[in-house]
Amino acid sequence: MIISWNITKACQLKCRHCYRDAGTKEADELTTAEGKDLIEQIALAGFKILIISGGEPLMRKDVYELIAHAKDHGLRPVLGTNGIMIDTSVARRLKAAGLTRAGISLDSTNEAVHDDFRQDAGSWQGSLAGMKACVAEGLDFQIHTTVTTYNYQDVEKITDLAVSLGAKAHHIFFLVPTGRGKDLAAVIPSSEYQLLLKKIMQKQLTVPIELKPVCAPQFVPLAHDLHQPTRFTRGCLAGVSYCCILPNGDVHPCPYFPIKVGNVRNQKFSLMWRDHALFKELRSGEYNGNCGGCQHKSSCGGCRARAYAQTGNYMDFDPECIY
């Protein structure tokens, strides 16, 4: 089980696709004490991996303290970051705190394309410098790429770059139009979506690092169809073995699924995760349309966030499904 906590909306970038519409810190984000209590609730609920993200999580000064607290409570803390603030000193502190891996965003092998997407000249160089600092300090990192019409033809080259830089994995996030991404109009066509998934599966056979499509749950049954081994048993995890917590403590089924389940200031998270009706509905597998009758619904699940974004019903069919 895995959970994301967006610890802040503060960020030095204004990325075109940002699901959290990050930039400015909000006054009501959870305090350090509240965050530590939340971490204990997350461990009590049975989660194993805690993704500390943002915004840019390194803009919170207590990030090292929160990482250490997660480690002390049996969680595997990982970081979602643009990498720009990571130098050797920061990488050393992150490792000492107990961070097991940093996920660093990189959206193109072309510096200009990445910088335009992130709306910051120099961000590509900053991200690569952060990766090199991780290598220097022995801190594992992986690359995160958001797939859009800007860069979908570059994905395999980004994988090759990830290998050359020493990344442990390349996770490929297919754009869900939420947050600033609603106005981007950059979701790749269904035909290209299907083709790219197959290319990623084929690429996995040729590289020594893990490739994982994200928000593309059809990759799990596709791997089975191609008789390709994968450690992943289910595509969409939203509400089943994954959820997201916002900086102010609001709980959502996933970062791209803007429905509030509750707030950790008002209810213990472990009880919310166990008992809330929305989570129970997502776990039921009683989907509508083609997803409801699909033979792959238990291994795929369809993208619930994409169904909600495009139909208004999170239990509806996944409109981008390749099956």
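Model, not experiment: these values are computed from the prediction.
- If you chain together hydrophobic residues whose side chains sit under 4.5 Å apart, M131 and F173 never meet in one group.
- For the pair I104/I86, a side-chain contact is recorded, criterion being any heavy-atom separation below 4.5 Å from C-beta on.
- In plain terms, the two heavy atoms of A91 and A133 that are nearest each other are CB-O, 3.8 Å.
- Atom CD of E286 has 12 or fewer heavy atoms from other residues, nucleotides or ligands within 6.0 Å.
- Residues F269 and I3 form a side-chain contact, since some pair of their non-hydrogen atoms from C-beta on lies under 4.5 Å apart.
- Looking at every heavy atom in both residues, C254 comes nearest to C244 through C-CB, 3.8 Å.
- Using a 4.5 Å cut-off between side-chain heavy atoms of Ile, Leu, Val, Met, Phe, Trp and Tyr, with links allowed through other members, I200 and V163 fall into the same hydrophobic cluster.
- Ring geometry, H69 versus H73: the interplanar angle falls from 30° to 60°, so the pair is classed tilted.
- Considering every non-hydrogen atom in both P253 and V261, the closest pair reads CD-CG2, 4.0 Å.
- Classification of the F117-H17 ring pair by plane angle, with boundaries at 30° and 60°, yields parallel.
- Using a 4.0 Å cut-off between a side-chain N of Lys or Arg and a carboxylate O of Asp or Glu, K203 and D160 qualify as a salt bridge.
- Taken from CD1 in I259 to CG in D250, the straight-line distance is 13.0 Å, to the nearest 0.5 Å.
- Only one option out of H144, R118, Q12 pairs with N82 in a side-chain hydrogen bond (donor to acceptor under 3.5 Å, both in side chains); it is Q12.
- Atom CG of D21 and atom CZ of R180 lie 4.5 Å apart (nearest 0.5 Å).
- The main-chain N or O of T8 is never found under 3.5 Å from a side-chain atom of E29 such that the two would form a donor-acceptor pair.
- Linking Ile, Leu, Val, Met, Phe, Trp and Tyr residues whenever their side-chain heavy atoms come within less than 4.5 Å leaves V155 and L195 in two separate clusters.
- At least one donor-acceptor pair under 3.5 Å links the side chain of K95 to the backbone N or O of G138.
- The distance from the CD atom of E156 to the CG atom of L196 is 7.5 Å, given to the nearest 0.5 Å.
- Shown here is D37, whose CG atom has more than 12 heavy atoms of other residues, nucleotides or ligands within 6.0 Å.
- Both cation-pi conditions hold for R283 and W273: the charged atom is under 6.0 angstrom from the six-membered ring centre and inside a 45 degree cone around its axis.
- In this structure, the side chain of N263 engages the main chain of N248 through a donor-acceptor pair within 3.5 Å.
- Q204 places a side-chain N or O within 3.5 Å of a backbone atom of I209 that can act as its donor or acceptor partner.
- Under the 4.5 Å side-chain heavy-atom criterion for grouping Ile, Leu, Val, Met, Phe, Trp and Tyr, I51 is not connected to L66 through any hydrophobic cluster.
- Checking side-chain atoms of Q218 against main-chain N and O of Y323 turns up no donor-acceptor pair under 3.5 Å.
- Using a 4.5 Å cut-off on side-chain heavy atoms (C-beta onward), T100 and K71 make contact.
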**OP:** Decide yes or no on side-chain contact (heavy atoms from CB on, under 4.5 Å) for V90 and Y64, but give the supporting numbers first.
**Re:** CA-CA 10 Å; V90 169; Y64 306 99; 3.5 Å; yes
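- The distance from the SG atom of C215 to the CZ atom of F257 is 12.0 Å, given to the nearest 0.5 Å.
- Between L30 and V264, some side-chain heavy-atom pair lies under the 4.5 Å cut-off.
- Atom NZ of K14 has more than 12 neighbouring heavy atoms from other residues, nucleotides or ligands inside a 6.0 Å radius.
- A donor-acceptor pair under 3.5 Å is formed between the side chain of H114 and the backbone N or O of D107.
- F141 pairs with exactly one of L79, L165, V78 by the side-chain contact (heavy atoms from CB on, under 4.5 Å) rule, that one being L165.
- Here the closest non-hydrogen pair linking A223 and M201 is CB-SD, 4.0 Å.
- Between the side chain of Q41 and the main chain of S270, a donor-acceptor pair closer than 3.5 Å is present.
- Cluster note: L44 groups with no other residue, as no ILVMFWY side-chain heavy atom lies under 4.5 Å from it.
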**OP:** Decide side-chain contact (heavy atoms from CB on, under 4.5 Å) for K25 and M59; before the verdict, give the C-alpha distance in whole Å, the side-chain angles of both, and the deciding distance to 0.1 Å.
**Re:** CA-CA 9 Å; K25 174 184 175 181; M59 296 189 79; over 6 Å; no
**OP:** Given side-chain contact (heavy atoms from CB on, under 4.5 Å), test E192 with Q153 step by step and report yes or no.
**Re:** CA-CA 9 Å; E192 297 296 341; Q153 295 179 326; 5.8 Å; no
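- Closest non-hydrogen pair, G302 versus P217, comes out as C-CG, 3.5 Å.
- Annotation for A307 and T311: closest pair O-OG1, 2.6 Å, computed over non-hydrogen atoms.
- No side-chain heavy atom of S4 sits under 4.5 Å from any side-chain heavy atom of S53.
- Every residue two or more places apart in sequence or in another chain that forms a salt bridge (charged side-chain N to carboxylate O under 4.0 Å, His left out) with E210 is listed here: R231.
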Subject >> L106 and L128: CA distance, side-chain angles, deciding distance, side-chain contact (heavy atoms from CB on, under 4.5 Å) verdict >> reply: CA-CA 8 Å; L106 192 75; L128 262 64; 3.6 Å; yes
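- Atom NZ of K268 has 12 or fewer heavy atoms from other residues, nucleotides or ligands within 6.0 Å.
- The backbone N or O of A10 sits nowhere less than 3.5 Å from a side-chain atom of R60 that would complete a donor-acceptor pair.
- Side-chain atoms of R234 come within 3.5 Å of backbone atoms of S298 as a donor-acceptor pair (strictly under, hydrogens ignored).
- Hydrophobic cluster membership differs between M1 and L271, with clusters built from Ile, Leu, Val, Met, Phe, Trp and Tyr side chains linked at under 4.5 angstrom.
- Residue pairs meeting the salt bridge (charged side-chain N to carboxylate O under 4.0 Å, His left out) criterion with at least one member in residues 289-313, sequence neighbours excluded, are R306-D318.
- Relative orientation of the Y193 and F174 rings is perpendicular, given thresholds of 30° and 60° on the angle between their planes.
- A distance-only check finds a donor-acceptor pair linking the side chain of N151 to the backbone of T146 [under 3.5 Å].
- One finds the OH atom of Y242 at 13.0 Å from the CG atom of L282 (value rounded to the nearest 0.5 Å).
- The closest side-chain heavy-atom distance from I84 to L13 is below 4.5 Å.
- In this structure, the side chains of K157 and L161 stay at 4.5 Å or more apart for every pair of heavy atoms.
- Residues D28 and R265 meet the side-chain proximity criterion, which asks for heavy atoms closer than 4.5 Å.
- One distance of note links CD1 of I2 with CD1 of I42; it measures 11.5 Å at 0.5 Å rounding.
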